[in-house]
Amino acid sequence: MDVSNSWNLVFNNAKELWFCSVVIFMAVFAIVMSWLVLRRFSSPGLRVLLLTLRTMAAALIVLMIFQPHLEFYEFKKIRKSISIIVDNSLSMSIKNSHSGLQRGEEVATFIKKNRNFVDGLEVDFDVEYLLFSDEVKDVLREDIEGALVCEGNYTDIEGLLRSLKDRDDKEETEAYLLFSDGADNVKDRFSGSGRLEMLIELAKGLPAPLYAFSPVNPNALRDIAIAKIEHNKYGFVRNSEKVKVTVRARGYDGKRLAVTLKEGDKLISSRRVKFVEGKSDYVLDFEIAPNKIGSFIYTVSAPVQKDEISQTNNKAEFSVFAARDKTRILHLCGRPSWDARFLRRVLKQARNIDLISFYILKTQNDVTDVPSSEMSLIPFPIEELFTKTLESFDLVIFQNFDYRPFDIPANVFKRYFNNMKKYVRESGGAFLMIGGDLSFSQAGYHKTELKDILPVDLGFSGSGEMDMGVFKPLLTFSGERHPIAGLDHVRDNNLSIWGKLPGLVGFNKIAGNKPGAVSLASHPEFKNGDEMLPVISVANIGNGRSMAVMTDSLWRWDFLSAAAGGTNRHYTKFWNNAIKWLIKDPELETVNAKVDKDGYFLGETAQISIDVKDSAYLPVAGAKVAINIANNSDAGNSFVKNATTDGQGRFSFSFKPEKTGYYKASFTISNDDGFAENDYVIFETKPVSSELEDISPRHDILAGIAGASGGNYFDIRSVSRLGDFFKPERKQIVKPVGAKDYSLWDNWVVFALILALLGGEWWLRVKNGLK
């Protein structure tokens with residue numbers, strides 16, 4: 001860098017010609033007039049001296065009016081700058097199929113091959129080296145030619161262009177050399193069809209032309225990716241939900257592949273797609289229909305090809321939480337009754353219940369002169385209900401229903417009880433039996449497999465009797481805490497409500513509760529040993545739930561309460577609570593696993609907790625908790641932990657995922673009293689960057705911004721020598737780097753000199769007799 005100086009005399013007040021002319025004329029006029037007066041002196045020397053003094057004073061006054069300044073400038077010859085910019089985002093770590101090198105390695109190799117040309121640039125230019133991804137940073141040349149690490153979170157071309165525009169001066173910048181795949185994947189900013197146009201507008205404002213070089217040959221790109229999945233995060237049980245999957249394929253024209261949708265290891269469906277020339281994106285339609293409440297993880301995948309540039313984007317996961325749209329209930333009633341009428345009214349009034357009811361008006365054993373066609377709207381579809389559509393119901397109710405008239409010939413109906421048993425135990429269904437003279441042992445259920453899914457034991461000496469006395473059921477200790485019996489959220493109010501409910505008439509005598517069942521209300525008189533016989537009993541049966549009501553007179557809680565000037569809301573509340581509990585409404589679960597967030601970024605820690613209550617909804621202290629956390633894509637790599645609940649039945653812990661994807665945290669809870677429950681929670685760990693979701697190079701972006709800036713776009717494979725395509729003008733620019741200003745009139749010396757000259761002239765005039 002050479003330094004040189006120059007100076008310049010400037011008159012600040014001599015810019016207008018007319019003003020300068022007037023001032024000079026007046027000065028000359030004053031001198032001429034002085035000369036005419038001085039002609040009286042006989043001494044030539046005195047005349048010359050006085051004229052000289054007058055002329056010098058006038059000249060100084062004129063200079064003072066013109067305000068002369070002396071300006072000194074310092075100039076430097078500066079070399080122009082060239083920026084070599086390399087993309088170090090994650091997409092640059094993808095290997096090229098034609099060379100086996102990463103995109104970033106291709107760039108480093110290219111710069112090394114052109115080392116002599118770059119050395120020449122450093123002689124004539126100030127060459128700066130930049131890395132960019134989610135930020136722009138200055139580096140050394142060795143950082144690019146050495147082990148280039150490509151780990152930036154995303155490719156922010158917009159941020160790069162704005163940074164170059166702000167940091168560089170137009171006169172000092174010769175050019176930019178950009179090495180990138182152009183995979184602009186910033187999702188949290190403006191995107192869409194107009195993004196390319198926006199980047200082109202930014203490139204037009206660059207201080208110098210940009211030359212873009214891509215390390216990816218678009219014709220050699222071979223990749224199949226699950227590019228996009230469109231779905232609803234929330235669905236409904238047994239309702240079909242559409243899922244749209246976009247498959248992006250490059251380099252496999254003519255190939256046919258099967259794209260599959262799975263839930264765990266279970267294949268949901270498969271779609272075949274044929275890749276054709278000139279088309280990259282293919283939209284496939286799938287359907288899912290969750291069969292129960294909860295969170296489900298689905299995986300969409302395409303077969304990995306051995307020559308793909310990336311084998312990580314052939315699979316993508318998504319989750320759906322399934323809730324109930326409507327509760328489907330099958331209601332079988334042995335005969336019309338007040339109890340059936342009031343229960344059916346509750347079920348029909350609920351907007352979220354889809355009720356299918358069958359009232360048996362006439363059985364095959366009844367003798368009547370009326371034809372069957374006039375006694376029934378439709379025949380009782382036993383086969384359809386208990387084989388084909390049973391799994392579609394959330395709850396099955398037998399209300400004072402006797403199956404035996406339909407069990408002939410050859411025990412037809414009994415064969416369906418095994419389906420009912422599987423429906424509850426294995427499929428997680430719910431079963432409710434309501435008493436009456438055609439129910440429990442009175443209908444012979446103690447001789448069927450249906451007894452295995454009831455919470456009460458039907459067989460003992462004297463079972464099958466129906467006591468028709470009036471009684472008021474007593475709320476048990478467990479019933480006080482159970483959500484079914486919670487008619488008011490305040491305990492004292494709830495006890496008061498139960499004490500004021502009208503009495504019931506009719507009680508089905510049974511042996512008592514089965515082990516593990518919970519009695520919510522008991523008969524005030526009847527016992528089996530020391531155990532009061534239950535009136536309302538519930539139990540968890542395998543994966544499902546069961547409830548038994550040993551009376552057909554709960555309708556009195558509605559009718560008599562309203563007749564006495566009260567309200568029937570307690571009756572409605574009881575049945576709503578019972579249905580919620582039976583169908584495992586999430587609000588009433590005894591084991592509740594929670595995670596503080598649905599999703600985390602890799603590196604964040606998940607806070608997981610489990611809250612455990614027994615079947616009576618009392619905290620289970622000291623329960624053993626077996627925890628298994630597995631990544632859905634890598635089930636073999638799981639986190640296992642054993643723990644114990646505290647005095648409140650709770651346990652919480654932290655878990656830091658080491659991989660991205662969906663995780664399922666499964667809990668198995670047990671204790672020495674035979675308590676056993678399971679639960680799970682699902683959460684997602686996302687990558688900090690979405691850079692690798694679409695690794696396609698964007699040559700349109702690189703060509704667009706290069707052309708808009710006045711530069712050009714090249715494929716590295718078509719450029720052997722950089723100097724053949726980039727020929728910068730090798731000349732320096734001169735730029736002022738400093739300036740100083742000296743005033744020649746605004747100081748005491750000038751004023752003193754003017755006064756001295758005028759004073760000297762005056763003194764000589766007076767001394768020689770000239771006024």
So do the side chains of [X] and [Y] get within less than 4.5 Å of each other, counting heavy atoms only?
X: S81; Y: T173; result: yes
X: E158; Y: L199; result: yes
X: I157; Y: L161; result: yes
X: E172; Y: K80; result: no
X: V625; Y: T645; result: yes
X: V273; Y: R271; result: no
X: L178; Y: F132; result: yes
X: N88; Y: V149; result: no

Backbone N or O of [Y] within a donor-acceptor pair of the [X] side chain at under 3.5 Å?
X: N232; Y: Y234; result: no
X: R141; Y: Y129; result: no
X: E308; Y: I224; result: yes
X: Y282; Y: K279; result: yes
X: R103; Y: P215; result: no
X: E317; Y: K315; result: no
X: T155; Y: A183; result: yes
X: S709; Y: L210; result: yes
X: Y211; Y: F714; result: no
X: N632; Y: Y662; result: no

Mind running side chain to side chain donor-acceptor pair (under 3.5 Å) on T260 and S270 for me, showing each step along the way?
CA-CA 4 Å; T260 60; S270 176; over 6 Å; no
Grab the two heavy atoms, one from [X] and one from [Y], that are nearest each other, plus how far apart they are.
X: L148; Y: I144; answer: CB-O, 4.0 Å
X: D715; Y: S214; answer: OD1-O, 3.4 Å
X: A322; Y: P290; answer: CB-CB, 3.5 Å
X: D181; Y: L702; answer: C-CD1, 4.0 Å
X: V259; Y: A302; answer: CG2-CB, 4.3 Å
X: P728; Y: F726; answer: CD-O, 3.5 Å

Flag for S93-Q102: side-chain donor and acceptor within less than 3.5 Å:
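Distance-only check fails for Q102 and S93.
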Assess, by modelled atom type and distance only, whether the side chains of S301 and T299 contain a donor and an acceptor separated by less than 3.5 Å.
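On atom types as modelled, these side chains do not qualify, holding no pair under 3.5 Å.
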About how many Å separate [atom2] of [Y] and [atom1] of [X], when rounded to the nearest 0.5 Å?
X: S652; Y: I608; atom1: OG; atom2: CD1; result: 10.0 Å
X: R79; Y: E174; atom1: CZ; atom2: CD; result: 13.0 Å
X: S180; Y: L160; atom1: OG; atom2: CG; result: 8.5 Å
X: Q305; Y: N314; atom1: CD; atom2: CG; result: 7.5 Å
X: Y252; Y: S280; atom1: OH; atom2: OG; result: 14.5 Å
X: T668; Y: N678; atom1: OG1; atom2: CG; result: 4.5 Å

F651 and V612: CA distance, side-chain angles, deciding distance, side chain to side chain contact (heavy atoms under 4.5 Å, CB included) verdict:
CA-CA 9 Å; F651 176 74; V612 183; over 6 Å; no
Classify the ring geometry of F639 against F655: parallel below 30°, tilted from 30° to 60°, perpendicular beyond 60°.
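F639 and F655: tilted rings.
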What is the ring orientation for H231 with F318, classed by angle as parallel under 30°, tilted 30 to 60°, or perpendicular over 60°?
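Correct class here is tilted.
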Is [X] salt-bridged to [Y], going by a charged N under 4.0 Å from an acidic O?
X: E287; Y: K242; result: yes
X: R250; Y: D223; result: no
X: R167; Y: D138; result: yes

Please report the C-alpha distance between V681 and F667 in whole Å, then the side-chain angles of each, then the deciding distance to 0.1 Å, and finally whether the side chain to side chain contact (heavy atoms under 4.5 Å, CB included) criterion is met.
CA-CA 9 Å; V681 66; F667 301 86; 4.2 Å; yes
Look at atom [atom1] of [X] and say whether more than 12 heavy atoms of other residues, nucleotides or ligands are closer to it than 6.0 Å.
X: K727; atom1: NZ; answer: no
X: D724; atom1: CG; answer: yes
X: R721; atom1: CZ; answer: no

Does I627 form a side chain to side chain contact (heavy atoms under 4.5 Å, CB included) with F653? I'd like the steps, not just the answer.
CA-CA 10 Å; I627 305 166; F653 65 101; 3.6 Å; yes
Apply side chain to side chain contact (heavy atoms under 4.5 Å, CB included) to the pair R162 and K165, showing each step before the final yes or no.
CA-CA 5 Å; R162 294 187 185 277; K165 185 177 178 181; 5.7 Å; no
